[in-house]
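Following this message is one structure expressed as structure tokens.
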Amino acid sequence: MLGVFSSSIVSPPDELVAAGSRTPSPKTTAGALLKRFVESNASAVSVEIGENVQLAYSHRNESPWQPRSFAVKDEIFCIFEGALDNLGSLRQQYGLAKSANEVLLVIEAYKALRDRAPYPANHVVGHLSGSFAFIVFDKSTSTLFVASDQFGKVPLYWGITADGYVAFADDAELLKSACGKSLASFPQGCFYSTAVGGLMCYENPKSKITAVPCNEEEIWGATFKVTK
């Protein structure tokens, strides 16, 4: 899965900007990144949302235990990868039909957070049990919401392209070609929300997340760590 967002939607993380400046490396544009994804995945589906957002996914090489799914509802776009162990109880909690899958559940949970806010954002993600990574974009509010499960069972990475777009993907090699050293593994057990102003650990929301610069020989430019 792939999500690419312009700087008008997402402010590039300072640590990844610094990593790319500290160790200059080849990069490509967001457009070239999307083109490579589509060309290397024959069954890829891509969606362009205005001039600032591009989403794409494919079922190629997906795990049967961690499938990818995509849905749009009320201008909320979501790509979900993985499986929730407590999907049944969450369907009841959010008043969804028994046929609702994980991607529809995440959209409904996001809508509840946005419109009714019965729980803080960290509680909403904390209620999800299983293996997952997802990207939610709310076109009506230009809000981005990205999260990874607490054990990092579904890989998720983020980086900055040559033209300053922030990209999220489950394929590190794909992003490496576009982001160079401005690349990092998305921290497990965390979410990124433009509504709350950045990166947060949903298990320990008061904890600080720091970015540690990586060695020259590593693929990453920085490693994000949660400090209690």
Looking at T194 and L144, would you say the former's side chain and the latter's main chain have a donor-acceptor pair under 3.5 Å?
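Yes: the side chain of T194 pairs with the backbone of L144.
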Would I76 and K139 count as a side-chain contact (heavy atoms from CB on, under 4.5 Å) if you check the C-alpha gap in whole Å, the side-chain angles of each, and the deciding distance to 0.1 Å?
CA-CA 6 Å; I76 301 171; K139 183 181 178 183; over 6 Å; no
P12 to V17 - nearest heavy-atom pair and separation:
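For P12 and V17, the tightest heavy-atom pair comes out as CB-CG2, 3.9 Å.
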According to a hydrophobic-cluster definition based on side-chain heavy atoms being under 4.5 Å apart (Ile, Leu, Val, Met, Phe, Trp, Tyr only), do V4 and I9 belong together?
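Not linked; separate clusters.
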Supply the atom-to-atom distance F80 CZ to M1 CE, rounded to the nearest 0.5 angstrom.
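That separation rounds to 9.0 Å.
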Assess the residue pair S129 and N86 against the criterion (side-chain hydrogen bond (donor to acceptor under 3.5 Å, both in side chains)); give the C-alpha distance rounded to whole Å, side-chain angles, the decisive distance to 0.1 Å, and a yes or no.
CA-CA 6 Å; S129 175; N86 61 339; 4.7 Å; no
Spacing of S140 atom OG and K111 atom NZ [to the nearest 0.5 Å]
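Here the rounded value is 10.0 Å.
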Please give me the minimum heavy-atom distance between L16 and A184, naming the atom from each residue.
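Closest approach of L16 to A184, heavy atoms only: CD2-CB, 3.6 Å.
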Is M200 linked to V125 within one hydrophobic cluster, defined over Ile, Leu, Val, Met, Phe, Trp and Tyr using a side-chain heavy-atom separation of less than 4.5 Å?
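In one cluster with M200: V125, yes.
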Decide whether V45 and F168 are clustered together by the hydrophobic rule: side chain heavy atoms of Ile, Leu, Val, Met, Phe, Trp, Tyr closer than 4.5 Å, transitively.
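Per the 4.5 Å side-chain linkage, V45 and F168 are co-clustered.
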Sub-4.5 Å side-chain heavy-atom contact between N204 and N122:
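Not touching, per the 4.5 Å side-chain cut-off.
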Audit row: F145, F191, ring pair (Phe, Tyr, Trp, His ring centres under 6.0 Å) steps and yes/no
CA-CA 7 Å; F145 194 95; F191 69 89; 5.3 Å; yes
Within the 4.5 Å heavy-atom criterion, are K225 and I209 side-chain neighbours or not?
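Answer no - side chains too far apart.
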Is there a side-chain contact (heavy atoms from CB on, under 4.5 Å) between Y202 and L128 once you walk through the steps?
CA-CA 11 Å; Y202 56 80; L128 307 180; over 6 Å; no
When clusters are formed by joining ILVMFWY residues with side-chain heavy atoms under 4.5 Å apart, either directly or through shared neighbours, do L113 and V103 land in the same one?
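Yes, same cluster.
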pair V226-Q188: side-chain heavy atoms closer than 4.5 Å:
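Contact flag for V226/Q188 side chains = no.
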Straight-line distance of R36 CZ to L34 CG, nearest 0.5 Å
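The CG atom of L34 is 12.5 Å from CZ of R36, to the nearest 0.5 Å.
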With the 4.5 Å side-chain cut-off for hydrophobic clustering, are V106 and V196 part of the same group?
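Linked, V106 and V196 end up in one cluster.
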List the atom of V166, the atom of P13, and the distance in Å for their closest heavy-atom pair.
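Heavy atoms only, the tightest pair is CG2-CD, 4.3 Å.
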For E108 and R91, run side-chain contact (heavy atoms from CB on, under 4.5 Å): C-alpha distance rounded to whole Å, both residues' side-chain angles, the deciding distance at 0.1 Å, then the answer.
CA-CA 9 Å; E108 200 62 38; R91 285 183 187 131; over 6 Å; no
Which salt bridge (Lys or Arg N to Asp or Glu O under 4.0 Å) pairs, counting each pair once, include a residue from residues 47-69, with sequence neighbours left out?
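Of all non-adjacent pairs touching residues 47-69, those that pass salt bridge (Lys or Arg N to Asp or Glu O under 4.0 Å) are R68-E81, R68-D170.
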Min side-chain heavy-atom separation S185-T223 under 4.5 Å:
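Of all side-chain heavy-atom pairs linking T223 with S185, none is under 4.5 Å.
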If I compare all heavy atoms of V154 with all of A133, which pair ends up nearest, and what's the gap?
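The answer is CG1-CB, 3.7 Å.
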Among W220, F186, Y165, which one satisfies ring pair (Phe, Tyr, Trp, His ring centres under 6.0 Å) with W158?
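The single option meeting the ring pair (Phe, Tyr, Trp, His ring centres under 6.0 Å) with W158 is F186.
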Candidate pair I219 and L183, rule side-chain contact (heavy atoms from CB on, under 4.5 Å), full reasoning
CA-CA 8 Å; I219 181 176; L183 173 66; 4.0 Å; yes
Sidechain-backbone polar pair: E102 side chain, L84 backbone, donor-acceptor under 3.5 Å
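Present.
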Are a donor atom and an acceptor atom from the side chains of T143 and D138 found within less than 3.5 Å of each other?
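Side chains of T143 and D138: no pair found under 3.5 Å.
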Distance-only, no hydrogens or angles: does the Y110 side chain make a donor-acceptor pair with backbone N or O of V124 under 3.5 Å?
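No: the side chain of Y110 does not pair with the backbone of V124.
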Inter- and intrachain pairs under salt bridge (Lys or Arg N to Asp or Glu O under 4.0 Å), touching residues 144-166, at least two apart:
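Non-adjacent pairs meeting salt bridge (Lys or Arg N to Asp or Glu O under 4.0 Å): zero.
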Over all heavy atoms of both residues, which pair between S148 and P187 is shortest? Give the atoms and the distance, please.
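Taking S148 first and P187 second, the nearest heavy atoms are CB-O, 4.2 Å.
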Describe, in one word, how the ring planes of F137 and F5 are oriented to each other, choosing from parallel (under 30°), tilted (30 to 60°) and perpendicular (over 60°).
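Because their plane-to-plane angle lies in the 30° to 60° range, the rings of F137 and F5 count as tilted.
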Exercise: identify the closest heavy-atom pair between A211 and A222:
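Taking A211 first and A222 second, the nearest heavy atoms are CB-CB, 4.4 Å.
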Taking C-beta and beyond as the side chain, do T28 and T161 meet within less than 4.5 Å on heavy atoms?
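No, too far: nothing below the 4.5 Å cut-off.
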Straight-line distance of Q66 CD to S131 OG, nearest 0.5 Å
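So the CD of Q66 and the OG of S131 are separated by 4.0 Å.
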Is the side chain of Y157 donor-acceptor paired with the backbone N or O of E173 at a distance under 3.5 Å, no angle test?
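No; judged by distance alone, with no hydrogens or angles, the pair does not exist.
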Using the six-membered ring wherever Trp is involved, compare the ring planes of H59 and Y57 and label them parallel, tilted or perpendicular (cut-offs 30° and 60°).
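Answer is perpendicular, since the angle exceeds 60°.
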Between N41 and S43, is there a donor-acceptor pair closer than 3.5 Å when you use the side chain of the first and the backbone of the second?
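Checking the backbone N and O of S43 against the side chain of N41, no donor-acceptor pair under 3.5 Å is found.
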Can you tell me how far apart OG (S58) and CG (D171) are? Round to the nearest 0.5 Å.
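Those atoms lie 11.0 Å apart.
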I need the single residue from V72, I107, I135 that forms a side-chain contact (heavy atoms from CB on, under 4.5 Å) with F77. Which is it?
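So, applying the side-chain contact (heavy atoms from CB on, under 4.5 Å) to F77 and each of V72, I107, I135, only V72 qualifies.
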Which distance, rounded to the nearest 0.5 Å, do you find between the CZ of F132 and the CZ of F151?
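Going from CZ on F132 over to CZ on F151, the span is 10.5 Å.
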Taking side chain as C-beta onward, heavy atoms only, is L33 less than 4.5 Å from L175?
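Answer yes - side chains close enough.
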Please confirm whether the backbone N or O of L104 pairs with a side-chain atom of N101, one donor and one acceptor, at under 3.5 Å?
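A pair under 3.5 Å: yes.
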For a quick check under 3.5 Å, do K27 and S182 share a side-chain donor-acceptor pair by atom type?
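Yes, S182 and K27 have a side-chain donor paired with an acceptor closer than 3.5 Å.
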